[in-house]
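Counting convention: from 1, in listed order, for ligands and their atoms alike. Here the structure is a predicted model, which means the values were calculated and not measured.
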Amino acid sequence: MCGIVGYTGHQPAKDIIIDGLKKLEYRGYDSAGIALLEEDKIVVRKKKGKIANLEKSIAGEKFYATTGIGHTRWATHGAPTDANAHPHINEDGSIAVVHNGIIENYMELKEKLENEYNIHFRSETDTEVIAQLLGVLYKEKHNLQDSVYAASKMMKGAYTFAAVCDQEQDRIVAFRKDTPLIAGLGDGCNFLASDVTPLLKYLDQIYLIDNGEMVVCTPNQIEIFDEDYKPVQREPLHVNWSVEDAQKGGYQHFMLKEINEQPKAVSETLGRRLDEEGHVHLDGISLTKEDLARIHKIDIVACGTAYHAGLIGKYLIEKFTGIPVEVDIASEYRYRDPLVDEHTLFIAVSQSGETLDTLMSLREAKAKGARVLSIVNVVGSSVARESDDVFYTWAGPEIAVASTKAYTTQLICLYLLALYIGRLNEHITEEYAQNILGELKLLPKKIQKILDHSSKIENMAKLLYNRPQVFYIGRGMDSAVAYEGSLKLKEISYINSFAIAAGELKHGTIALIEPETTVIAIATQDFLYPKMYSNIEEIKARHAHIISLVKEGHEEISQISTDVIEIPDCRDEVSPVLAIVPLQLFAYYMARERGENIDKPRNLAKSVTVE
Ligand code: F6R
């Protein structure tokens, strides 16, 4: 949550920083601000609301600064107001700070600064503590980087921040703790940012900053220091994402663009892992037969949509490998003292690779001896860097807050992993594996077919967008698809929605079904089809509006439903990858009909780096 951008070079900094913040707005968008080093003073401008509000408020002003920092906020401490927006400054305004994370001991530090130094705080944020603390330390050290280093030793929690000082023109000092930070190496200019998207326009070489490291940026140099204040020598990383990848490309919303990118993304994720003979080759994973013999159970841990991918992963891995799998929500896992040891394979699933609960669960499992494998989209993210093996989803940048292509590519990674392990421990035959692989290879075309017929779903949304609630049911892997479909709908359309395993409905929840309640019944698992048929009959008897999601040609359920969505025929094992696509489109069109802010839904952020 929260996005940080820093620029130091020879161009006017304001526009570069604001442009960069717009690329990070997905990380939080309740207020934004900028601090510019104008000659001998720091000029701060900040505004509640989106970056456009900030831009509007400073449209008439001229700025000459070539160094500055900016921030887009997702509020944790203090409401989203102008006063609580970042940057925060110290008492005499000589130091400005932007911050991403939560300082756990900020109350203690605040009291100390108030009582011992008579400092008066102007905001309700924890971040102001950093600015005031740096102000006090600077008086003693007369140097920003020494002050930042000293401050970093006094704080607890997650505190990635960047600071500028009016006494040190052309210099930004930043520190990374538990939330992301990268430094970008330009030509006569250098950058700091929470992720790579603001930098793609300017450069393709970045430094990944590790936890506990401090970075000092001037126009001609980037210096990195470790926790002991020793200089770090590091090779820059080449980034191959293009600027177009991070733009809307003619679509009305990033979400629609990303839904439509799924055939390409799935094909990319698969293609990189199949050799010429069609065998699975897992780049980034070195799991041998001997390693596998030590694994007695697998824990998949993730949050939100990534957790829903994990639920499907459980079915796949247990079926293809015979190894028991537990799936857990990261915020639960990390506090339940899980039974983990060196016989556990821990799999973290995360698009951003920065979700704090997932990262902390990973650390917990690692400390207990588990082997850690991650399925991650963002290259070089914290989860990726702290894992023994990393399996990248290669979905390209996902900008819309609601995850779509990252989810489908997470599923593909789980199929490949399950097939690979299943062959390694010989739980499945080569013939069966080749059968499933054959089906996976057909998915891009089949997803495209669903997308080509999206107008049916668009028309359905035009009729249904005012429904107060939409429920989702399914059995087996379709129950996981139901959870994901329901999450997509509620997070962007704000329509009340829940999902439940269809067989569980009659144990209480069916009480909510009344005439005209909309129920989406997912029935793509052939072996569970008769069971779903009965569940749909139960709902029909209560006069609900039933939309069934079935494979092409499955007439029986269609006949008892109010409306039908079809997906191309396929084996049961791979249907979740197809079944989610119409549900993503349904959520998108429902939200669009309601006029909601689809790419940036209220109260949410793309990367959740708080607990
Ligand atoms: C919903 C969504 C979230 C994320 C969750 C985990 O559309 O995107 O539920 O899936 O916040 O994020 P990552 O995958 O970055 O760990």
Side-chain angles (χ1 to χ4, degrees), residues 1-3 24 26-28 74 100 178-180 194-195 197 253-256 258-259 262 300-313 327-334 347-362 374-387 390-411 413-414 480-481 483-494 497 499 580-581 583-588 590-591 596-611:
M1 335 294 267
C2 300
L24 293 182
Y26 72 85
R27 301 182 62 85
W74 187 85
N100 175 20
D178 285 344
T179 61
S194 301
D195 84 22
T197 43
H253 296 98
F254 277 112
M255 182 175 177
L256 189 59
E258 288 158 8
I259 291 172
Q262 291 179 111
I300 304 181
V301 177
C303 302
T305 288
Y307 166 74
H308 297 153
L311 292 175
I312 307 252
V327 193
D328 216 335
I329 293 167
S331 53
E332 291 298 315
Y333 186 86
R334 60 183 284 209
I347 303 180
V349 186
S350 175
Q351 187 285 130
S352 62
E354 299 295 346
T355 303
L356 195 65
D357 283 319
T358 307
L359 184 62
M360 293 303 183
S361 300
L362 178 158
S374 61
I375 295 176
V376 173
N377 193 36
V378 178
V379 177
S381 55
S382 304
V383 169
R385 279 189 279 164
E386 295 190 29
S387 301
V390 188
F391 202 31
Y392 283 112
T393 43
W394 298 122
E398 192 180 65
I399 312 282
V401 164
S403 186
T404 53
K405 63 175 180 171
Y407 171 76
T408 37
T409 53
Q410 282 160 359
L411 293 183
C413 287
L414 287 160
V481 175
Y483 295 135
E484 176 55 11
S486 169
L487 177 63
K488 282 290 90 79
L489 182 74
K490 69 185 134 202
E491 70 178 323
I492 60 167
S493 73
Y494 318 139
S497 176
I580 193 57
V581 179
L583 300 183
Q584 294 167 341
L585 288 165
F586 181 70
Y588 172 80
M590 292 287 272
E596 303 301 352
N597 188 351
I598 294 179
D599 285 338
K600 294 177 193 133
R602 69 185 182 206
N603 306 339
L604 296 177
K606 183 78 183 156
S607 177
V608 185
T609 49
V610 292
E611 290 184 57

**Q** Answer with yes or no whether Val401 contacts ligand 1, where contact means a heavy atom under 4.0 Å from a ligand atom.
**A** yes
**Q** For Tyr307, what residues pass the ring pair (Phe, Tyr, Trp, His ring centres under 6.0 Å) criterion, not counting sequence neighbours?
**A** none
**Q** May I ask you to list the atoms of ligand 1 that are less than 4.0 angstrom from any heavy atom of Gln351?
**A** 13 (P), 14 (O), 15 (O), 16 (O)
**Q** Going by side chain to side chain donor-acceptor pair (under 3.5 Å), Ser403 matches just one of Gln351, His308, Glu398. Which one?
**A** Glu398
**Q** Could you tell me whether the side chain of Gln410 and the main chain of Ala309 form a donor-acceptor pair under 3.5 Å?
**A** no
**Q** So which atom in Ile492 and which in Pro601 form the shortest heavy-atom distance, rounded to 0.1 Å?
**A** CG2-CG, 3.9 Å
**Q** Looking at ligand 1, does Lys488 have a heavy atom less than 4.0 Å from it?
**A** yes
**Q** Does only the side chain of Glu491 get under 4.0 Å from ligand 1, or the backbone, or both, or neither? Count heavy atoms.
**A** side chain
**Q** Would you say Ser352 and ligand 1 have an N/O pair spaced under 3.5 Å apart?
**A** yes
**Q** Out of all atoms in ligand 1, which are within 4.0 Å of some heavy atom of Ala306? Include the element for each.
**A** 10 (O), 14 (O)
**Q** For Asp599, give me all partners under salt bridge (Lys or Arg N to Asp or Glu O under 4.0 Å), at least two apart in sequence or on another chain.
**A** none
**Q** Indicate yes or no: does an N/O atom of Gln410 lie under 3.5 Å from an N/O atom of ligand 1?
**A** no
**Q** Within a distance under 4.0 Å of any heavy atom of Ala402, pick out the atoms of ligand 1 and give their elements.
**A** 7 (O)
**Q** How far apart are the C-alpha atoms of Thr404 and Gln584, what are their side-chain angles, what is the distance that settles it, and do they pass the side chain to side chain donor-acceptor pair (under 3.5 Å) test?
**A** CA-CA 7 Å; Thr404 53; Gln584 294 167 341; 5.0 Å; no
